[in-house]
Amino acid sequence: MQEFQSRPVFEAKLRRRGIYLLPNLFTTGALFAGFYAIVQAMNGRFEHSAVAIFIAMVLDGLDGRVARLTHTQSEFGAEYDSLSDMVSFGAAPALVIYEWALKGMGKWGWIAAFIYCVCAALRLARFNTNIGIVDKRYFQGLPSPAAAALIAGLIWLMLDFDIAGTDVRWLAWCITLFAGLTMVSDIPYYSGKEINLRKSVPFITALLLALFFFALIPSHPPVVLFCLFFLYALSGYAMWIWRRLAKRKRKMIEGQQA
């Protein structure tokens, strides 16, 4: 009887530690896209590098959702996803921006690229250790995919307007440091995890999403994507200021009532 009861427990542990093909294929695709971005940067094809980072971001967003929908979450998948993120959103953006704009700045260039890379590693480590502790509605610090998209969007935007990286190297330097340091900050960012795709949504919401993905982004991808992630990066600071002001106002009201 005791052996019969312990068998489901053993199978559950084995299931959590198993390797599932479908979600890990998406993770491998994201890892390949990050590696491809590095290779293309070494060959001077920076537009391909930027697009590859965006593709990695899309695939990274799909692997977790696929795992949850198919009930194939595992410890292996979580660890593999973190390692893939470090390559695609840590090392790849740092190396691409360095090759594109920061290479001619000497030590200032590689220091900025390294700060971004180490901040991405710290951001991922903190995220893994804080799972189940922080509010799931908000990220603590700028998510690494959004930081990588900000850098990739800048490169793609400048290339679209035929602006060389050396002409905007200080702008690239500032954006790199801004993205890196914001990742390890305590600035809150809306996660969108409370959105349930299985539930029905208002027609106007579905219409706006369709127009955004099928009309606005295809109209001019470099401009739209860079503006989108730049505004998202600023939204955390706006939320932080709003919370501080609301907290100060609440304390003043409590002080007056006392």
Side-chain angles (χ1 to χ4, degrees), residues 30-61 82-125 141-185 187 189 220-234 236-237:
L31 178 60
F32 172 78
F35 176 77
Y36 181 81
I38 296 174
V39 172
Q40 293 305 308
M42 294 168 62
N43 294 328
R45 300 174 180 174
F46 299 107
E47 185 173 358
H48 293 185
S49 297
V51 174
I53 291 174
F54 279 109
I55 293 175
M57 184 186 66
V58 174
L59 293 174
D60 178 69
S82 294
L83 293 173
S84 173
D85 288 352
M86 184 56 213
V87 174
S88 300
F89 310 129
L95 292 171
V96 173
I97 195 73
Y98 176 78
E99 288 289 332
W100 178 67
L102 306 179
K103 193 173 183 178
M105 299 178 68
K107 64 179 181 181
W108 293 106
W110 64 259
I111 286 175
F114 175 72
I115 289 175
Y116 174 89
C117 191
V118 72
C119 286
L122 293 171
R123 169 71 177 78
L124 291 168
L142 183 66
S144 57
L150 183 62
I151 290 180
L154 173 68
I155 296 172
W156 197 5
L157 179 66
M158 294 298 106
L159 291 173
D160 189 63
F161 287 99
D162 294 325
I163 300 175
T166 53
D167 296 334
V168 290
R169 57 186 180 181
W170 283 108
L171 174 63
W173 188 85
C174 292
I175 292 291
T176 302
L177 283 183
F178 169 76
L181 296 176
T182 305
M183 279 192 287
V184 295
S185 69
I187 304 296
Y189 283 90
H220 206 161
V223 175
V224 175
L225 290 174
F226 175 74
C227 291
L228 173 66
F229 286 100
F230 184 69
L231 290 175
Y232 180 71
L234 294 180
Y237 287 91

Next on the checklist: Under the rule for ring-ring contact (aromatic ring centres under 6.0 Å, His included), what residues qualify as partners of F230, not counting sequence neighbours?
Outcome noted: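 For F230 the ring-ring contact (aromatic ring centres under 6.0 Å, His included) partners, ignoring immediate neighbours, are F226.
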Item to check | For F114, all residues meeting ring-ring contact (aromatic ring centres under 6.0 Å, His included), sequence neighbours excluded | outcome: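 Residues passing ring-ring contact (aromatic ring centres under 6.0 Å, His included) with F114: none at all.
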Item to check | Which residues share a side chain to side chain contact (heavy atoms under 4.5 Å, CB included) with A146, sequence neighbours left out | outcome: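 Once residues adjacent in sequence are excluded, the partners of A146 under the side chain to side chain contact (heavy atoms under 4.5 Å, CB included) criterion are L142, P143, F229, Y232.
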Next on the checklist: Could you work out, with side chain to side chain contact (heavy atoms under 4.5 Å, CB included) as the rule, every residue matching M158, not counting sequence neighbours?
Outcome noted: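 Residues passing side chain to side chain contact (heavy atoms under 4.5 Å, CB included) with M158: W100, L154, I163, V168.
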Rounded to the nearest 0.5 Å, what separates atom [atom1] in [X] from atom [atom2] in [Y]?
X    : Y    : atom1 : atom2 : result
D162 : D167 : CG    : CG    : 11.0 Å
L150 : F178 : CG    : CZ    : 7.0 Å
T182 : L234 : OG1   : CG    : 9.0 Å
L83  : L124 : CG    : CG    : 9.5 Å

Next on the checklist: Does anything in residues 169-178 form a side chain to side chain donor-acceptor pair (under 3.5 Å)? List the pairs, not counting sequence neighbours.
Outcome noted: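 Matches after skipping sequence neighbours: none remain.
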Identify every side-chain donor-acceptor pair in residues 30-59 under 3.5 Å, counting partners at least two apart or on other chains, and give the distances.
| unit_1 | atom_1 | unit_2 | atom_2 | d |
| --- | --- | --- | --- | --- |
| N43 | ND2 | V39 | O | 3.3 |
| E47 | OE2 | W156 | NE1 | 3.4 |
| S49 | OG | A37 | O | 2.7 |
| S49 | OG | A41 | N | 3.1 |
| S49 | OG | R45 | O | 3.3 |

Next on the checklist: Just so I know, are the side chains of P145 and D85 near enough to count as touching, which here means a heavy-atom distance under 4.5 Å?
Outcome noted: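 Result no, sub-4.5 Å side-chain heavy-atom pair not found.
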Item to check | Non-hydrogen atoms of Y98 and A113 that approach each other most closely | outcome: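 For Y98 versus A113, the nearest heavy atoms are CB-CB, 4.1 Å.
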Next on the checklist: Looking at every heavy atom in both C119 and G180, which two are closest together, and how far apart are they?
Outcome noted: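 Closest heavy-atom pair between C119 and G180: CB-O, 3.1 Å.
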Item to check | CA sep, side-chain torsions, deciding dist, call: Y116, I151, side chain to side chain contact (heavy atoms under 4.5 Å, CB included) | outcome: CA-CA 10 Å; Y116 174 89; I151 290 180; 3.5 Å; yes
